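One structure below.
Keep in mind the model is a prediction, meaning the values are calculated, not measured. In this chain, residues are counted from 1 in sequence order. The figures that follow rest on heavy atoms only: side chains count, while hydrogens, waters and symmetry mates do not. When a ligand or atom number is given, it counts from 1 through the structure's own listing order.
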Amino acid sequence: MPPPESFAGLLRDIVGPDHVAEDPGITERYRRDWTGRFDAPATLVVRPGSSAEVSEVVRTCRDHGVAIVAQGGNTGLVGGSVPLDGELVVSTERLSGIESVTAHAGVLTAGAGTTITEVHRGARAAGWDYGVNLASRDSATLGGTIATNAGGTRVVRYGDTRRQVVGVEFVTGAGAIVSNIGGTLRDNTGFHLPSIVAGSEGTLGLVTRAALRLVPRLEHRTTALLRFADPRDAIESAEAVRGALPAVESVELCFAEGVALVCSSFGLPTPFPVIDGGYVLVEVAGSTDLTDELAAVVASLPAVADAAVAEDPTAGARLWRYRELHTEAISTVGIPHKLDVAVPPGALSELVARVGGEITAVDPSARVWLFGHGGESALHVNITGVAPDDDRVDEAVLRLVVTLGGSISAEHGIGRAKRDWMEVAHDRSTIELFTRIKSAFDPDGIMNPAVLVPLGNHF
Ligand code: 2HG
Ligand code: ZN
């Protein structure tokens with residue numbers, strides 16, 4: 001339920017007059033998602049400054065039956081953090097800042113609103129690094145990336161966000177502050193709450209602080225961008241690299257259409273004289289120079305048509321642009337539909353070969369853009385030229401993925417965009433369990449009620 005008229009006053013009493021916004025001009029950036037596909041009507045935004053204030057806000061919402069959407073950097077891509085039903089937006093902006101980094105143990109504790117770039121900086125300054133990296137790092141926040149279990153470009157080596165979180169503080173839908181930020185690297189004292197909260201998309205509670213297990217800072221990093229004339233060779237090589245290179249940190253995949261769009265959108269020189277086929281970006285990192293090891297693996301791959309190698313961060317960043325700028329470049333074409341799927345290793349070539357045809361069979365005016373995390377057979381399918389609320393193309397992709405035994409969300413989560421597909425992704429007993437877990441954390445169903453857990457399951 002949206003907040004009643006007088007509700008802003010109650011919130012001001014909790015957080016102070018400067019941290020409640022009603023003015024549509026101010027709330028605009030909290031209402032629309034990054035893609036522009038999910039655009040909410042007027043809403044109220046509150047910015048609590050502590051876990052205690054979050055708790056009071058949640059209790060007040062519970063008393064008045066007001067639903068909440070938690071929002072970090074608003075970089076989500078599945079409509080999971082925008083108030084489409086007029087929910088109150090609880091922004092974590094003021095819960096930011098690194099609290100501590102224990103240099104000997106490699107544990108970093110920070111507020112939920114801290115950006116991933118700030119986490120990287122804090123970790124590196126203490127001689128460590130953070131295992132998660134993603135193109136939206138300057139805006140994406142720690143709390144948001146935990147809530148969505150963000151993946152990014154280093155999953156192949158360090159796993160997703162869930163794997164980095166050793167402690168979390170959050171406020172449940174009942175307003176209770178639950179904190180287990182002990183800072184220990186091991187904890188086996190029952191249900192592992194950081195794992196449950198990670199990926200729960202704000203449906204169980206609102207993350208306010210977290211403790212992260214850092215990874216060693218590796219001084220030597222080499223990046224290679226490879227072009228293959230046949231996209232199938234690119235896909236098969238991407239899937240093979242992980243086993244061949246223990247020090248691999250990223251194995252990314254893209255194709256000629258996307259690379260051409262990135263070059264034209266941002267005025268970049270083409271990476272090689274010819275834009276054609278498929279591209280694989282491989283990065284290795286270690287405490288010694290691994291360029292020779294990378295070169296040996298590249299030499300063993302079939303049919304590499306072109307290769308560029310970067311051995312310093314500036315040259316590396318130049319190669320990364322061709323992959324990381326896909327998202328922004330596609331948004332210049334139109335409002336995209338976004339899918340983030342994965343198939344069992346070995347099935348990616350078939351997905352890539354078939355997906356475009358399945359989409360254009362439904363809507364011939366659709367344009368299809370493919371790129372992704374090839375090392376894990378995970379593919380981003382972006383579709384432009386289709387009305388934002390026309391879900392038929394999304395369904396065509398997800399149906400194909402399910403047929404191939406894949407996952408309907410390998411990275412961005414379910415949000416609103418894929419909620420109707422949860423019953424396809426999971427059997428009835430799993431959905432029943434999800435629903436019961438939600439009501440244990442959020443008895444009145446006020447935490448992001450339109451997201452993730454399917455409707456109509458009141459057991
Ligand atoms: C990426 O891998 C992000 O760059 C965004 O997950 C993907 O824009 C997308 O669809
Ligand atoms: Zn991705």
So is [X] in contact with ligand 1, going by heavy-atom distances below 4.0 Å?
{"X": "His412", "result": "yes"}
{"X": "His373", "result": "yes"}
{"X": "His326", "result": "no"}

Quiz item: Is the Phe371 ring parallel, tilted or perpendicular to the His380 ring (thresholds 30°, 60°)?
Solution: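 Aromatic pair Phe371/His380 classed tilted.
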
Quiz item: What do you reckon, is CZ of Arg162 surrounded by more than 12 foreign heavy atoms closer than 6.0 Å?
Solution: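 Count over threshold, so yes.
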
Quiz item: What residues, two or more places apart in sequence or in another chain, satisfy ring pair (Phe, Tyr, Trp, His ring centres under 6.0 Å) together with His337?
Solution: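 His337 satisfies ring pair (Phe, Tyr, Trp, His ring centres under 6.0 Å) with no other residue.
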
Quiz prompt | side chain to side chain contact (heavy atoms under 4.5 Å, CB included) assessment of Tyr279 paired with Arg323 | solution = CA-CA 9 Å; Tyr279 296 74; Arg323 164 60 183 86; over 6 Å; no

Exercise. Ignoring hydrogens and angles, tell me if any N or O in the side chain of Arg137 forms a donor-acceptor pair with the backbone of Thr115 under 3.5 Å.
Key: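 Judged by distance alone, no pair lies under 3.5 Å.
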
Quiz item: Looking at residues at least two apart in the chain, or sitting in another chain, which of them share a side-chain contact (heavy atoms from CB on, under 4.5 Å) with Ala150?
Solution: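 Result, side-chain contact (heavy atoms from CB on, under 4.5 Å) vs Ala150: Leu134, Thr145, Thr148, Thr161.
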
Quiz item: So which bit of Thr153 gets within less than 4.0 Å of ligand 1, heavy atoms only: side chain, backbone, both or neither?
Solution: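 For Thr153, there is no contact with ligand 1 at all, from either part.
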
Quiz item: How does Asn382 reach ligand 1, if at all, at less than 4.0 Å between non-hydrogen atoms: by side chain, backbone, both, or neither?
Solution: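 Side chain only.
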
Exercise. Would you mind checking which non-hydrogen protein atom is closest to atom 5 (C) of ligand 1, with the distance to 0.1 Å?
Key: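 Going atom by atom, the protein heavy atom closest to atom 5 (C) of ligand 1 ends up being Thr327 OG1, 3.4 Å.
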
Quiz item: Considering only the protein, which heavy-atom contact is closest to atom 9 (C) of ligand 1, and what is its distance?
Solution: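 Going by distance alone, atom 9 (C) of ligand 1 is nearest to Lys338 NZ, 3.3 Å.
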
Quiz item: Are side-chain N/O atoms of Glu283 and Trp320 paired as donor and acceptor at under 3.5 Å?
Solution: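 Side chains of Glu283 and Trp320: pair found under 3.5 Å.
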
Exercise. May I ask you to check whether His373 brings an N, O or S atom to under 2.8 Å from the Zn ion (ligand 2)?
Key: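 Coordinating: yes.
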
Self-check item: Per atom 4 (O) of ligand 1, closest listed option by heavy atom (Arg323, Glu324, His380)
Solution: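 Comparing heavy atoms across Arg323, Glu324, His380, the nearest one to atom 4 (O) of ligand 1 lies in Arg323.
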
Quiz item: Which N, O or S atom name in Glu411 marks its closest approach to the Zn ion (ligand 2)?
Solution: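 Closest to the Zn ion (ligand 2) among those atoms: OE1.
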
